[in-house]
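Working notes, structure below.
Predicted model only: the values in this text are computed from it and were never measured.
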Amino acid sequence: MIRSIVLSLVCFASLNCSMSAAQTQTSSETAEVTTEVTLPESKAADREIRLAKYLSGATFTGHFTVDGKEDRALKPESYTIQSCEKLPEPDMYSLKVGIKYGDTDGEFPMQLKILWSDRTPVITMDSVWIPGLGTFSSRVLIHDGRYAGTWQHDAKGGHLFGKITPAKEQ
């Protein structure tokens, strides 16, 4: 009798282990499938158009820091995107940007890459030369009326963050 109880427990444990392994395998296969899912072309085009409309006329107002000088007062910055259009190349946009920070106050045309992290746009600059200002790299995340990111200009770099005011609210 004891032997049959032990055998039943062993069979039950084996069955549970097999089911757990199968569930784990199914879960990891599902995770792999979900990470590879991309938006259909029409949905991607829709969000690109919505982003271009949202950015056109929007003002980014906030502050930036300089690495190694975080203990100093925050420096104000303001960027107004006069226009934004999706270009035919993947992830590329044409922007006309008014930039104000420090002694800089001007309008600059730029072609920038905007990548997507799930549903979140990230303005991406890799060694982009801005006439009269120099070469910059940055990653600026846009989410829920705010922006935040990092910037690099030659040996200097830091963080930037603030609020986005869409054109219709100004």
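Nearest approach of Pro166 to Tyr54, heavy atoms of both residues: CG-CE1, 3.7 Å. Here the closest non-hydrogen pair linking His153 and Leu133 is NE2-O, 3.2 Å. In terms of heavy atoms, Ser78 sits closest to Thr61 at OG-OG1, 4.1 Å. Listed here is the closest heavy atom pair of Thr65 and Leu74: CG2-CD2, 3.7 Å. Of all heavy-atom pairs between Val66 and Lys75, the closest is CG2-CE, 4.5 Å. Across every non-hydrogen atom of Gly157 and Gln152, the tightest pair is CA-OE1, 3.7 Å.
The distance from the OG1 atom of Thr80 to the CD atom of Glu107 is 10.0 Å, given to the nearest 0.5 Å. The CD1 atom of Ile81 sits 7.5 Å away from the CD1 atom of Ile164 when rounded to the nearest 0.5 Å. For the atom pair OG (Ser56) and CD (Gln82), the distance works out to 10.0 Å, reported to the nearest 0.5 Å. Separating the CD atom in Glu70 from the NE2 atom in His159 is a distance of 8.0 Å, to the nearest 0.5 Å. Once rounded to the nearest 0.5 Å, the distance linking CG of Leu55 with OH of Tyr79 reads 14.0 Å.
Around NZ of Lys86, the count of heavy atoms belonging to other residues, nucleotides or ligands within 6.0 Å exceeds 12. Asp103 CG: 12 or fewer foreign heavy atoms inside a 6.0 Å radius.
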Return a table of donor-acceptor pairs under 3.5 angstrom between the side chains of residues 134-148 and protein atoms on other chains or two or more places apart.
{"from": "Ser137", "atom 1": "OG", "to": "Ser127", "atom 2": "N", "distance (Å)": "2.8"}
{"from": "Arg139", "atom 1": "NH1", "to": "Met125", "atom 2": "O", "distance (Å)": "3.2"}
{"from": "Arg139", "atom 1": "NH1", "to": "Asp126", "atom 2": "OD1", "distance (Å)": "3.1"}
{"from": "Arg139", "atom 1": "NH2", "to": "Asp126", "atom 2": "OD1", "distance (Å)": "2.9"}
{"from": "Tyr147", "atom 1": "OH", "to": "Gly62", "atom 2": "N", "distance (Å)": "3.2"}
{"from": "Tyr147", "atom 1": "OH", "to": "Glu77", "atom 2": "OE2", "distance (Å)": "2.9"}
{"from": "Tyr147", "atom 1": "OH", "to": "Phe161", "atom 2": "O", "distance (Å)": "3.4"}

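Listed for the Glu48 side chain is no donor-acceptor partner under 3.5 Å among the backbone atoms of Asp46.
With hydrophobic clusters built from ILVMFWY side chains whose heavy atoms lie under 4.5 angstrom apart, Ile49 does not share a cluster with Trp116. A single hydrophobic cluster is not seen to contain both Val122 and Leu112; linkage of ILVMFWY side chains at heavy-atom distances under 4.5 Å, directly or through other members, places them apart. No chain of hydrophobic side-chain contacts below 4.5 Å, direct or via other Ile, Leu, Val, Met, Phe, Trp or Tyr residues, connects Met92 to Leu95.
Using a 4.5 Å heavy-atom cutoff, the side chains of Ile99 and Met110 are in contact. In this structure, Leu51 and Tyr93 have side chains that are in contact, with non-hydrogen atoms separated by less than 4.5 Å.
Just one of Ile114, Thr124, Leu115 meets the side chain to side chain contact (heavy atoms under 4.5 Å, CB included) condition when paired with Asp91; it is Leu115.
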